[in-house]
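This report refers to the structure that appears directly beneath it.
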Amino acid sequence: NPIWELMEWSEKTRGELFINRNKQLGVIKHLLKAGITPQEVKDRWEEMASESFWRDKGFDFTNVSKSFDRKRQNNKNWQFI
């Protein structure tokens with residue numbers, strides 16, 4: 001299941017479990033439903049993790065999701081939900 005794969009990948013990447021896993025799973029579901037691929041989500045996560053602002057502040061899938069509204073990749077499958 002790509003939703004759980006992204007959840008497990010992110011928790012492994014960040015080195016800790018999310019306290020609000022159900023919220024995170026819901027956001028992942030909406031990202032995928034909007035046509036954003038798991039790889040695009042991972043790429044955006046890694047992009048945000050490389051920025052000192054997000055490393056200091058911390059972020060989750062809600063922030064990743066909002067970033068697609070501000071900075072869309074050239075993905076013809078992306079659509080509003």
Side-chain angles (χ1 to χ4, degrees):
N1 180 330
I3 295 171
W4 276 103
E5 288 173 15
L6 276 170
M7 174 62 77
E8 291 170 355
W9 172 84
S10 66
E11 289 179 333
K12 181 179 177 185
T13 300
R14 69 194 299 254
E16 62 185 324
L17 300 177
F18 283 105
I19 294 171
N20 57 358
R21 284 182 119 202
N22 287 337
K23 177 182 176 185
Q24 301 302 314
L25 291 168
V27 174
I28 295 168
K29 180 180 177 181
H30 285 288
L31 284 164
L32 299 179
K33 190 175 180 181
I36 299 168
T37 68
Q39 188 58 54
E40 289 172 313
V41 174
K42 287 179 182 180
D43 290 346
R44 185 61 54 86
W45 182 285
E46 290 172 347
E47 178 183 337
M48 292 175 73
S50 72
E51 298 174 9
S52 61
F53 173 82
W54 290 112
R55 279 195 313 271
D56 294 343
K57 180 180 177 179
F59 64 96
D60 62 12
F61 283 106
T62 300
N63 303 108
V64 172
S65 176
K66 289 178 182 178
S67 78
F68 279 98
D69 287 335
R70 290 189 292 274
K71 181 182 174 187
R72 295 185 196 153
Q73 293 181 346
N74 293 329
N75 178 354
K76 295 182 185 195
N77 296 327
W78 196 92
Q79 57 188 331
F80 288 104
I81 54 170

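Quantities reported herein were computed from a predicted structural model and do not represent experimental measurements. Throughout, numbering of the chain's residues begins at 1 and tracks the sequence.
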Is there a side-chain contact between [X] and [Y] in this structure, where contact means two heavy atoms from C-beta onward sitting under 4.5 Å apart?
{"X": "L25", "Y": "F18", "result": "no"}
{"X": "L6", "Y": "L32", "result": "yes"}
{"X": "M48", "Y": "S67", "result": "yes"}

Please round to the nearest 0.5 Å and tell me the distance separating atom [atom1] of [X] and atom [atom2] of [Y].
{"X": "T13", "Y": "K42", "atom1": "OG1", "atom2": "NZ", "result": "8.0 Å"}
{"X": "L31", "Y": "F68", "atom1": "CG", "atom2": "CZ", "result": "6.5 Å"}
{"X": "L17", "Y": "M7", "atom1": "CG", "atom2": "CE", "result": "9.5 Å"}

ask   = What is the ring orientation for F61 with W45, classed by angle as parallel under 30°, tilted 30 to 60°, or perpendicular over 60°?
value = tilted
Minimal non-hydrogen separation, [X] against [Y], with atom names:
{"X": "Q24", "Y": "T62", "answer": "OE1-N, 4.2 Å"}
{"X": "E11", "Y": "R21", "answer": "OE1-NH2, 2.7 Å"}
{"X": "V27", "Y": "S65", "answer": "CG1-CB, 3.7 Å"}
{"X": "S50", "Y": "E47", "answer": "OG-O, 2.6 Å"}

message = Under 4.5 Å between side-chain heavy atoms, counting indirect links through other Ile/Leu/Val/Met/Phe/Trp/Tyr residues: same cluster for I28 and W9 or not?
response = yes
Test item: D60 side-chain N/O and N63 main-chain N/O as donor-acceptor pair under 3.5 Å = yes
note = The side chain to side chain donor-acceptor pair (under 3.5 Å) partners of E8 (sequence neighbours excluded) come to none
task = Please identify each residue that fulfils side chain to side chain donor-acceptor pair (under 3.5 Å) with E46, with sequence neighbours left out.
result = none
